[in-house]
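Working notes for the structure below.
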Amino acid sequence: MAPEDKPVTTAREERYDAQRIEQKWAERWQSDPSLYAADTHPTKPKYYVLEMLPYPSGALHMGHVRNYSIGDALARYMWMSGYNVLHPMGWDSFGLPAENAAIKNNTPPKQWTLANIAAMKVQMKRLGFAYDWSREVTTCLPDYYRWNQWFFLKLYESGLAYRKKSKVNWCPQCATVLANEQVVGGMCWRHEDTPVEQRELEQWFLRITKYADELLSDLENLPGWPEKVRIMQQNWIGRSEGTLVDFDLGGTIGPAGSTITVFTTRVDTIYGATSVQLAPEHPIVKDMITRNADLRAQVEELIAEQRRAKEAGDIGAIEKHGVFTGRYAKNPFNGEAVPVWVANYILMDYGTGAIMSVPAHDERDYEFAQKYKLEIRLVILPASTDPEETMTAPPLPFTTMDGVLLSSGEFRGLSCEEAIRKMSARAEEKGFGKATVTFRLKDWGISRQRYWGTPIPMVYCDKDGVVPVAEKDLPVILPDNVPITLAGGSPLMNVPEFLHTTCPKCGGPARRETDTMDTFVDSSWYFYRYADAQNDKAPFDGAKIAYWFPIDQYIGGVEHAILHLIYSRFWTKFMRDMGLVKNGEPIARLFTQGMVIKDGAKMSKSFGNVVSPDEMVSRYGADATRLYSLFAAPPDRDLDWQESGIEGIQRFLGRVYRFYENYARPHNPDWRASLSAPLTGSARQLQRKLHQTIKRVTDDFQGRWHFNTCISAVMELLNDANRRMLGSEDTQSPATGALVEGNEIPLTLLAEVQRNIALLLAPMAPYLAHELWEMTGEKSNLLKAPWPKYDPELAKEEVVTAVLMVNGKLRSRITVAADATDDAIRKLALSDEKIKRTISGKQLTMEPIVVHSPGSKLVNIVVR
RNA sequence: GCGAAAGUGGCGGAAUUGGCAGACGCACCAGACUUAGGAUCUGGCGGGGCAACCCGUGGGGGUUCGACUCCCCCCUUUCGCACCA
């Protein structure tokens, strides 16, 4: 090797300076706004990768960084794999915190929000996330929310938006109504200590229940969704097949009528019904108790009790109470009159708010009947019961469907399943009931008595009633400079210029709806807007949706499993029925990442364990921050943030950098030459390691997304390469790091290793990877450089370690050829000195077992 | 109560299909280079034992030549649902 071919050795003091490198590349990237733009005339296959858009609270937190690091790694990998990638970002920017900030700082919500967006965008750019900012969506701006209003009009036209007075959830802290989905264990989803109250209000609802069946059944078509999320949605929808049965009260009681309709999933047990139980808030109860002050007081106590339990979040645990109303209702199947009770364990908002009580075959009814000494009547015999021994009935209650009806008139002897079918049919035929399906899912109440949201585009006219705003008059602009208070009703009521308008129908004076929309409306379709963000004629162009949808990969926290993700699915189905889109589901694959925790608790202000991304970036760099968030845990698990861990990653990046610094020789003509002759010895081993590493990283990007193991694979490769480059101790001073004469690693191989490490790190640590790419003399843009391919032949081992076991215990190891036959391996194993010692004096009980696994072999010798 | 996931060194975590338990990193220990080291490099690092060896993946049983991995029972933690008729 000629002296000038010796690698340029730089001073060891030349350290990895993340700030310098990241500054340099950030400037280059930002000078080209089209760098991350999706191709609008695509010839390549598409890939739409999306991370949940943030609420612009003012600063990113580590959960965001983790979320976006995963998404960005995937987007960059897909670019390198030759896809036309759509990777957008936006702001879920309506919502209460802006109003709270307005009160606190005396800053208008708009100003506060837009300033936060600007600040967070700077953070995102500093972190190097590759977003197509030309498609940015900001939900609080009229060019977005006008389409919320447009959709609302379409929903109204289709009868899917309606107004109704009803009991609604009210958070006194937020001073607004909440959707059912926003009530968590009786508490407000934003204020975990604030019990939700019930208020009677006139509200706008979206008829999500129209799609209840489809929302449920289509879960089957989402194999790319986590099982957990599908189950949560399934439970939330809560489909339940059953029967409605009318129990006659023998004369009209009051305005609410003369019958009680009960809902049951087990009509087969109806001959065992010994009472009817009503929810305390059932309308007919009022009519039953008007003349009895004592009864009235007791029922009021039941209502209060239920409310308290609901607010405490432990409904389900309260002790069962009830009162007898003095009335009887007739069971239409056997004509028997059973007592009517009011009980605190009956919920008004499920089924009909009335049940038939069958103590022998329902645990709750059993408990209640025991307490109040109501009759318990066995009407099902489990199939396992011996008919000869009917006297020894099984312990009550039992709820098995695997049984036969007993004492049930003409239905006696039928199986439960058959009985349910026949009895439902009978009820319908005789006109006292029918088979039915109920859902737990309720319509989505979207009215909010708040300022910072999309105005609902409706007008109230004394002459024409409720009138929608004309499409051409959209958007209904949310006025600026509105005084914000948390007292009484929407702040918009106090803005005369907004409130007073003219009726779109008659032109007479009218007033506007002053409630605004739930912010979950904004996020129900925002991802469609990314496909056509500049469109001012329509929310989007259908052809563009047809190309990009469904979203190939959506990434976010599991806390949105129900709220956002069920609303989004509903919105898509509605748009499909409008003919606006062709897909019935918005998201093909969903990934829910784990939380970021520290010191055993979720990072939160209240716990005081928040780590600021800005601080991490300025201390360790964006690459280290991102890479650590990928390295510390598999992405679906919780991540335990440890400062020392990110230091380790920073050291690793420093080692990578020095590996290029120390061995950089872009002037060598051999540098870019490809390897020709087959390698041997140490070089061959390094080459093998390289190809194995490419395989491991590629497999993970395509499969499990265990970036932690990807990164460790690259670490191993680097360690291996460094060791081999340093050579043996006697010829090499570790301090200088210079290549030495006689080193077995050809420069072409070294160059190949360096090129590939840059490629493998490109999705996860983009700044450094770009710098390294340049250091190797590459001129092309790493962002779209082809992802490396491994050669299975080169990855293959030629000799492998065979593990020798005796009776399943490790005893020795030998090296054998990778293609050695089982017999040859057995022979070698049995002649191994250690093995001979271990098995001397014992008998082989069977032929030694030989196992081939990738990269190794195993022999188990069974002796006695 | 129901459902789901998890439990592996001092710590984060690896072991992709039943086949070398502890990869990789952190922390720690020793050494090198140094005026210095919170830089860098080298080596060590589950427990016990001088050693041959023995023990070890929450606990107990089982299947198997072989179990972190499969089956049964139990314990703990986290999450979701919770009187849904």
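Sequence lines set the chain letters: A, B, ... in the order given, protein chains first and strands last, and positions in each chain run from 1.
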Relative to Y345(A), does K320(A) satisfy both conditions: NZ or CZ under 6.0 angstrom from the six-membered ring centre, and within 45 degrees of the ring's axis?
yes

Which whole-number value in Å describes the distance from Q593(A) CD to C79(B) P?
17 Å

Rounded to whole Å, the CD-C1' distance (Q702(A) to U16(B)) equals 14 Å

Considering only side-chain heavy atoms of H706(A), which listed nucleotide, A14(B), C65(B), U40(B), is closest?
A14(B)

Applying a 4.0 Å non-hydrogen cut-off, can you work out what P634(A) is touching in the nucleic acid: base, sugar-phosphate, or nothing?
sugar-phosphate

Separation between the C1' atoms of G19(B) and A32(B), rounded to whole Å:
41 Å

For C79(B) and G60(B), measure between their C1' atoms and round to the nearest Å.
27 Å

I'd like to know if the side chain of D638(A) and the backbone of G594(A) have a donor-acceptor N/O pair within less than 3.5 Å.
no

Using atom CD of E661(A) as one end and atom C1' of A39(B) as the other, report the distance to the nearest whole Å.
16 Å

Looking only at the aromatic ring of each residue, does the gap between the centers of F707(A) and F701(A) stay below 6.0 angstrom?
yes

Main-chain N/O of K598(A) paired with N609(A) side-chain donor or acceptor, under 3.5 Å:
yes

In whole Å, what separates the P atom of G18(B) from that of A67(B)?
14 Å

Tell me what D638(A) touches on the nucleic acid: a base, only sugar-phosphate, or nothing, going by heavy atoms under 4.0 Å.
sugar-phosphate

Between I861(A) and T838(A), is the side-chain contact (heavy atoms from CB on, under 4.5 Å) condition met? List the steps.
CA-CA 10 Å; I861(A) 298 156; T838(A) 313; over 6 Å; no

Using only side-chain N and O atoms of R658(A), determine if any of them is under 4.0 Å from OP1 or OP2 of C41(B).
yes

For G58(B) versus A36(B), give the span between their C1' atoms, rounded off to a whole number of Å.
48 Å

If you check the D640(A) side chain, which of G12(B), G13(B), A85(B) turns out closest?
G12(B)

Give the rounded distance in Å between these two atoms: CG of N807(A) and C1' of U64(B).
13 Å

Evaluate the side-chain hydrogen bond (donor to acceptor under 3.5 Å, both in side chains) criterion for residues Y620(A) and E643(A): first the C-alpha distance (whole Å), next the side-chain angles of each, then the deciding distance (0.1 Å), finally the verdict.
CA-CA 10 Å; Y620(A) 305 104; E643(A) 190 94 12; 2.9 Å; yes

Ranges pairing with ranges for RNA chain B, where each run has three or more Watson-Crick or G-U pairs under 3.5 Å
B:1-7 with B:75-81, B:10-12 with B:24-26, B:28-32 with B:40-44, B:46-48 with B:53-55, B:58-62 with B:70-74

Looking at A561(A), is its backbone amide N or carbonyl O close enough to the side chain of Q233(A) to form a donor-acceptor pair, meaning the two atoms are under 3.5 Å apart?
yes

Hey, is G12(B) sitting syn or anti, using the within-90° cutoff around 0?
anti

Would you tell me whether R724(A) and S682(A) have side-chain atoms, one donor and one acceptor, within less than 3.5 Å of each other?
yes

Would you mind reading off the distance between K598(A) atom NZ and C11(B) atom P, rounded to a whole angstrom?
17 Å

Between R704(A) and D349(A), just flag the one whose closest nucleotide in RNA chain B comes earlier from the 5' side.
R704(A)

Say whether, by atom type as modelled, one donor and one acceptor occur between the side chain of D268(A) and the main chain of I420(A) under 3.5 angstrom.
no

To the nearest angstrom, the CD1-P distance between I646(A) and G12(B) comes to 18 Å

Please state the C1' separation for the pair G66(B) and A21(B) - nearest whole angstrom.
14 Å

Could you write nucleotides 17-27 of chain B as a row of B, S and -, 5' to 3', where a protein heavy atom under 4.0 Å of any base atom gives B, of only sugar-phosphate atoms gives S, and otherwise -?
--BB--BBSSS

Report the distance from atom CZ of R230(A) to atom C1' of G80(B), rounded to the nearest whole Å.
16 Å

Can you tell me, in whole Å, how much space there is between the P of G13(B) and that of C29(B)?
24 Å

Integer angstrom distance from the P of A6(B) to that of A23(B):
22 Å

Using the C1' atom in both, what is the distance from G9(B) to C2(B), to the nearest Å?
36 Å

Give a yes/no on whether any side-chain N or O of R811(A) is located under 4.0 angstrom from OP1 or OP2 of A52(B).
no

Can you tell me how far C1' of C83(B) sits from CG of N344(A), to the nearest Å?
9 Å

Could you check whether any side-chain N or O of R377(A) sits under 3.5 Å from a backbone N or O of T274(A), counting only pairs where one atom can act as donor and the other as acceptor?
no

Could you tell me whether R826(A) and D823(A) make a salt bridge, using a distance below 4.0 angstrom between a side-chain N and a carboxylate O?
yes

5' precedence on RNA chain B between I861(A) and Y350(A) (nearest-nucleotide basis)
I861(A)

